[in-house]
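Written below as structure tokens is the structure these notes are about.
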Amino acid sequence: MNVVYVLWLREVKKYLRSRVQIVASLGSPLMYLGVLGFGLGPVFQRAGEGKYLQFMAPGVIGMTVLFTAMFSGIAMLWDRQFGFLKETLVAPVPRLLIMIGRTLGGATVAVLQGTLIFVVTLIAGFRPASLLAVPLAFLVIALIAVIFSALATAIGSSIKEMQGFQMVMNFLVMPLFFLSGAIYPLEGLPRVLAAFTRVDPLTYGVDGVRGLLIGRTHFGVALDVAVLLGVGVVFVVFGAWRFSKIEA
Amino acid sequence: MTARGRSTRLASARATDVIRVQHVVKTFGKVTAVNDVSFDVRAGEIFAFLGPNGAGKTTTIKMLTTLLHPTSGALELDGLDPTKHQTEVRRRFGVVFQDPSLDSDLTAWENMDIHGVLYHVPRQIRRERSQALLAMFELWDRRGDLVKTFSGGMKRRLEIARGLLHTPKVLFLDEPTLGLDPQSRNQMWTLVRNLNKVEGVTVFLTTHYMDEADRVADRIAVIDHGRIVATGSSAELKQQTGTDSLEGAFLKLTGTTIRDESATAADQMRQVSRVWRR
């Protein structure tokens with residue numbers, strides 16, 4: 001059995017066994033969906049932008065993927081001192097394979113969570129423009145998952161203390177989410193804010209998913225995918241490099 | 001064979017030395033964790049590093065297990081240099097760290113299996129040996145249970161079982177009975193002595209428990225402040241210092257017993273983990 005497969009399978013097994021955590025982690029996106037969705041819905045509609053729920057659903061899916069992927073980075077930090085990671089670091093296996101197995105596993109879990117949220121949005125009334133677009137949208141979601149799973153691996157490999165990770169969560173993950181156009185349109189933004197949104201990989205992810213699912217896109221799906229692929233390659237290489245530098 | 005150069009060790013190195021450490025130094029910035037340490041471990045023996053926390057025991061194990069590079073000096077495990085032949089050396093040892101490295105969300109069997117895959121143990125052998133080891137360590141009945149339901153002693157036993165899956169030449173045990181109750185400690189000692197006899201595996205353990213070193217080890221190296229103060233069997237050390245207990249010998253050799261050291265980030269995380277432990 002392949003090393004990558006076994007490490008990938010491990011992440012998926014752990015996810016599928018953590019039923020309580022799965023339900024709990026749906027809470028946050030559900031709140032955004034419910035509170036913002038129904039709260040700001042009327043305003044959005046009056047501004048002539050259509051149904052806010054339709055607009056927001058891809059954003060909430062993107063948010064879920066981002067958060068789940070970054071949390072797997074926290075798990076890695078804990079793992080490093082108290083768990084399984086040390087076992088992999090001392091095994092006669094190239095670090096690259098270990099990093100790939102973990103990152104793919106983390107990305108898969110993020111996609112699974114994203115899928116769950118997608119189903120929830122459907123229940124709440126979200127309607128994709130076409131059924132054919134859904135598998136394509138999932139490819140883009142998978143790209144987002146890989147990007148942030150790799151980033152989480154890079155961060156998890158570089159930080160030694162839990163406090164460091166709290167800082168990352170507050171000063172990196174939340175800005176990534178809020179500056180991504182997940183909950184507001186990208187048109188007509190003040191110049192500085194617009195600049196920030198362009199630097200955020202999640203912006204292109206959410207825009208791509210939105211483009212495929214409801215036909216509304218700011219950059220064009222092609223550009224979105226191109227940017228995601230490029231950023232993906234860079235982050236995976238960066239993550240692999242940081243992982244190889246771990247001194248236990 | 002590596003050239004030995006000038007050596008102040010009493011015993012000459014044997015061809016059956018499984019571990020050879022010569023004048024190894026490890027510094028972390030201004031801190032010298034290991035300060036010119038030299039020793040040999042013979043094949044098939046149980047060798048103990050006895051010393052207080054912060055003496056350099058874990059750092060030495062990390063260097064031998066390829067996790068750290070020495071600042072200077074030479075290391076050899078089964079004739080190979082851990083810094084130059086990482087993968088080859090890793091096949092030859094198993095290690096049980098001070099902090100658990102099991103996956104608590106997986107079953108005992110799954111933990112064994114992943115280890116087998118990581119160490120390229122062929123599937124059939126993997127299965128047979130996992131079965132044999134789990135039975136030997138009285139964990140066969142719990143093989144399908146999640147590790148998070150195991151007691152501290154059981155987890156430790158599983159880690160040792162796992163460490164032996166790929167038939168290593170050396171088994172490293174870093175503080176193997178730390179945090180265990182007296183019965184589990186006793187069980188562990190019997191287990192370690194047994195598998196040394198049955199499997200023929202060389203055991204390198206670190207400890208700050210006198211009784212552990214006394215009861216389990218064939219030879220002991222007393223380490224303090226990163227230096228080896230004395231090496232020999234328990235009887236030899238008592239004779240050298242003219243005392244009748246290992247504790248007395250240790251006191252004579254090092255001058256003090258317990259000392260305070262500053263908490264590291266690892267210690268802080270250990271405290272947090274204790275709060276959340278079952």
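Naming convention: chains lettered A, B, ... in sequence-line order (proteins, then strands); numbering from 1 in each chain. These numbers come from the heavy atoms of this one structure, side chains and all, not from hydrogens, waters or symmetry mates.
From T107(B), atom OG1 reaches atom CZ of R17(A) across 6.0 Å, with rounding to the nearest 0.5 Å. The structure places CZ of F84(A) at 4.0 Å from CD1 of I114(B), a figure rounded to the nearest 0.5 Å. Once rounded to the nearest 0.5 Å, the distance linking CG of D105(B) with CD of Q21(A) reads 8.0 Å. A distance of 6.5 Å separates NZ of K62(B) from NZ of K86(A), quoted to the nearest 0.5 Å.
The shortest side-chain heavy-atom distance between D103(B) and E87(A) does not fall under the 4.5 Å cut-off.
H120(B) touches chain A through its side chain: at least one heavy atom from C-beta onward sits under 4.5 Å away, while N, CA, C and O do not. Within the 4.5 angstrom heavy-atom criterion, only side-chain atoms of F97(B), from C-beta onward, approach chain A. Using a 4.5 Å cut-off between heavy atoms, L102(B) touches chain A through its backbone atoms (N, CA, C, O) alone.
Considering all non-hydrogen atoms of both residues, V6(A) and V117(B) come closest at CG2-CG2, 3.8 Å. Closest approach of L118(B) to A91(A), counting heavy atoms only: CB-CB, 3.9 Å.
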Practice problem: Check step by step if salt bridge (Lys or Arg N to Asp or Glu O under 4.0 Å) holds for R10(A) and E110(B). | Solution: CA-CA 9 Å; R10(A) 170 184 169 252; E110(B) 285 167 342; over 6 Å; no
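Atom OH of Y209(B) is surrounded by more than 12 heavy atoms from other residues, nucleotides or ligands within 6.0 Å.
Residues of residues 83-95 of chain B lying under 4.5 angstrom from chain A, judged on non-hydrogen atoms, are T87(B), R90(B), R91(B), F93(B), V95(B) in numerical order.
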